[in-house]
2 protein chains.
Amino acid sequence: MHSQNLINVITDALPTLNKSETKVAQVILSDPDAATRSSIATLAKKSQVSEPSVNRFCKRFNAAGFPDFKLKLAKSLASGIRFVNRNVNPDDDVTSYTPKIIDSTINTLALVRDKISHVRVNQVVDKLIQAKRIYFFGLGASGSVARDAENKFFRFNLPVSSHDDVLMQRMLASTGGAGDVFFVISHTGRTKEVVGVAEIARSNGSTVIGLTAANSPLADMCTLTLDVDVPENTDEYMPMASRIVHLVILDVLATGVTLRRGPDFLPHLEKIKNSLKPTRFPNED
Amino acid sequence: MHSQNLINVITDALPTLNKSETKVAQVILSDPDAATRSSIATLAKKSQVSEPSVNRFCKRFNAAGFPDFKLKLAKSLASGIRFVNRNVNPDDDVTSYTPKIIDSTINTLALVRDKISHVRVNQVVDKLIQAKRIYFFGLGASGSVARDAENKFFRFNLPVSSHDDVLMQRMLASTGGAGDVFFVISHTGRTKEVVGVAEIARSNGSTVIGLTAANSPLADMCTLTLDVDVPENTDEYMPMASRIVHLVILDVLATGVTLRRGPDFLPHLEKIKNSLKPTRFPNED
DNA sequence: ATACTTTTCGTAATATTACTACATTAAAAG
DNA sequence: CTTTTAATGTAGTAATATTACGAAAAGTAT
């Protein structure tokens with residue numbers, strides 16, 4: 001449901017426009033930003049047409065009127081600029097690469113927000129709630145994601161551990177069984193070792209949940225997967241956005257588990273929080 | 001120059017506003033999209049103030065007037081950021097808590113994007129470039145952030161390690177000296193152990209960089225800090241966004257270092273990437 | 001408290017801006 | 001050439017926004 005960029009729509013419609021509409025279109029396209037700031041009178045003058053012509057032009061593009069048109073144009077500009085400028089160039093300086101990287105992460109998260117399957121999330125929460133034991137597995141960058149997940153889920157008062165050692169993973173997978181949940185994190189879903197471990201766990205009757213790419217070998221091996229398709233463009237040389245997405249999805253899952261546990265569980269979380277107080281300098285305010 | 005998101009600006013200014021301005025702000029924040037579509041008269045009525053009050057409100061936020069304000073607001077909305085009621089309620093289901101958590105993370109990132117000091121980022125990149133050795137330190141949730149940083153920075157071909165063991169941290173801090181960079185990650189900046197370690201490192205002539213809260217005890221102890229003021233979550237159900245922010249800032253720093261190294265360095269990164277190929281199932285497309 | 005100052009806010013007049021109805025012109029069809 | 005239809009503009013009207021000014025409220029100092 002990504003609404004089409006208004007500027008593209010106008011450009012596409014250009015050949016079908018009549019004389020005065022074309023004039024208006026050209027003026028708008030030549031400087032869309034200026035158009036958003038000008039009144040119908042000034043725009044009419046610039047285009048050398050009458051004001052009603054401009055108004056008709058706006059209505060032709062499904063706007064209620066000129067002000068509404070300007071609004072839509074402004075929105076197109078705002079979202080467009082962010083989309084185009086996503087890549088970091090070799091000659092970028094701090095002031096440009098910093099927002100670019102953050103924007104790119106934001107965009108990816110927005111994408112995931114709109115695409116993630118709520119049904120699937122619910123199913124995974126189900127499995128996690130029922131688990132007698134949870135293992136988080138990951139290698140490389142996903143290793144620290146797994147570790148973060150452990151740090152989050154141990155609070156639920158059940159045996160949780162994270163592992164980034166393949167041999168350890170293999171051994172644990174082979175000793176697991178019903179009631180054990182193996183939560184396997186992998187950006188590509190194609191790492192042979194990881195897929196192998198998932199296969200072992202699965203064949204022993206454990207539940208295997210994958211946080212990984214859709215339709216990957218790992219995904220095929222899992223009881224249940226949370227598909228994440230992160231566009232690769234920023235991850236040219238090192239994983240970036242995918243880790244973040246994985247972490248946020250784990251946040252979502254943890255929240256899901258907390259909510260299912262109900263309000264009686266909150267004092268327990270509070271207790272964990274308070275246990276850290278003596279390790280800290282008191283807050284002055 | 002990156003213009004700050006108008007909605008954040010308004011939210012931040014909320015405490016400094018007077019009675020009628022507050023009314024207007026609340027109405028706008030409760031449904032910013034509706035605000036962009038309404039006239040000054042309807043907005044005034046909704047806020048139960050006069051039209052000039054709305055107008056003054058707009059000018060206060062550096063808009064030429066009401067229409068200009070609407071335009072800026074629309075642009076802010078279009079940047080992919082949704083501002084819903086950010087808190088998760090006990091009776092939320094998947095379809096509501098999932099977007100809430102992701103939106104809240106996005107919102108935090110957008111805030112950091114607009115507030116982070118580029119000068120400071122540059123200074124930190126300077127230090128990292130010059131480092132003979134880098135240690136990433138963190139405890140708890142910051143432990144996995146430190147580990148992720150190690151995974152990222154080892155690619156730059158210099159001795160990097162991450163540690164989440166306080167004793168290890170102390171020992172390393174005491175043996176360090178000029179040329180060593182201790183990169184200390186802490187959300188609160190108030191954990192006694194961490195501050196102590198930073199102090200030891202500092203007193204031995206090492207460079208200590210803090211990724212932590214501004215004006216915290218840890219920040220005071222550092223050679224250089226990257227201040228991150230993530231609104232502390234009082235809500236039980238909301239996960240910490242600070243980890244995510246820390247990770248993204250480390251992405252920014254890694255990018256900064258890569259760019260400084262120049263294009264000659266890219267083959268090296270390529271080599272690391274390729275080294276993983278044999279561990280993966282080939283991609284079918 | 002009281003008078004004085006400053007800030008806040010609304011009324012009403014005015015200016016700006018956008019829209020509509022209708023007239024005119026241009027183009028197309030017969 | 002008409003006649004018809006589409007395209008465009010004019011002028012009036014409606015709507016929307018802004019300004020100037022003054023009243024009320026809040027704050028200060030005496």
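Protein chains get the first letters and strands the later ones, always in sequence-line order, with residue 1 at the start of each.
Within the structure, a side-chain polar atom (N or O) of B:Asn18 is placed less than 4.0 Å from OP1 or OP2 of C:dC9. Of the side-chain N and O atoms in B:Ser53, one or more sit less than 4.0 angstrom from OP1 or OP2 of C:dG10.
Atoms CG (A:Asp68) and C1' (C:dC19) sit 14 Å apart, rounded to a whole Å. Atom CG in A:Leu43 sits about 12 Å away from atom P in C:dC19, given to the nearest Å. The interatomic distance linking B:Gln48 (CD) with C:dG10 (P) rounds to 10 Å, in whole Å. Across the protein-nucleic acid pair, B:Lys59 atom NZ and C:dT7 atom C1' stand 17 Å apart, rounded to whole Å.
Residue pairs meeting the salt bridge (Lys or Arg N to Asp or Glu O under 4.0 Å) criterion with at least one member in residues 43-56 of chain B: none, sequence neighbours excluded. The salt bridge (Lys or Arg N to Asp or Glu O under 4.0 Å) contacts involving residues 13-22 of chain A comprise A:Glu21-A:Arg60, where partners must be two or more places apart or lie in separate chains. Within the structure, ring pair (Phe, Tyr, Trp, His ring centres under 6.0 Å) pairs that include any residue of residues 26-60 of chain A comprise A:Phe57-A:Phe61, A:Phe57-A:Phe69 (at least two apart or interchain).
Taking B:Asp126 as the reference, B:Arg260 meet the side chain to side chain donor-acceptor pair (under 3.5 Å) condition, with sequence neighbours excluded.
With respect to the salt-bridge test (charged N to carboxylate O, under 4.0 angstrom), the residues A:Arg243 and B:Asp251 qualify.
Counting heavy atoms from C-beta on, the side chains of B:Ile106 and B:Ile102 come closer than 4.5 Å. Residues A:Ile7 and A:Leu73 meet the side-chain proximity criterion, which asks for heavy atoms closer than 4.5 Å. With a 4.5 Å cut-off on side-chain heavy atoms, A:Ile116 and A:Asp227 do not count as touching.
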Distances for protein N/O vs nucleotides 11-18 of chain C N/O pairs under 3.5 angstrom?
unit_1	atom_1	unit_2	atom_2	d
C:dA18	OP2	A:Ile40	N	2.3

Would you tabulate the pairs of protein nitrogen or oxygen atoms and nucleotide nitrogen or oxygen atoms of nucleotides 22-27 of chain D closer than 3.5 angstrom?
unit_1	atom_1	unit_2	atom_2	d
D:dA26	OP1	B:Lys19	NZ	3.4

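Contacts of A:Val54 with the nucleic acid, taken as non-hydrogen atoms under 4.0 Å apart, are absent.
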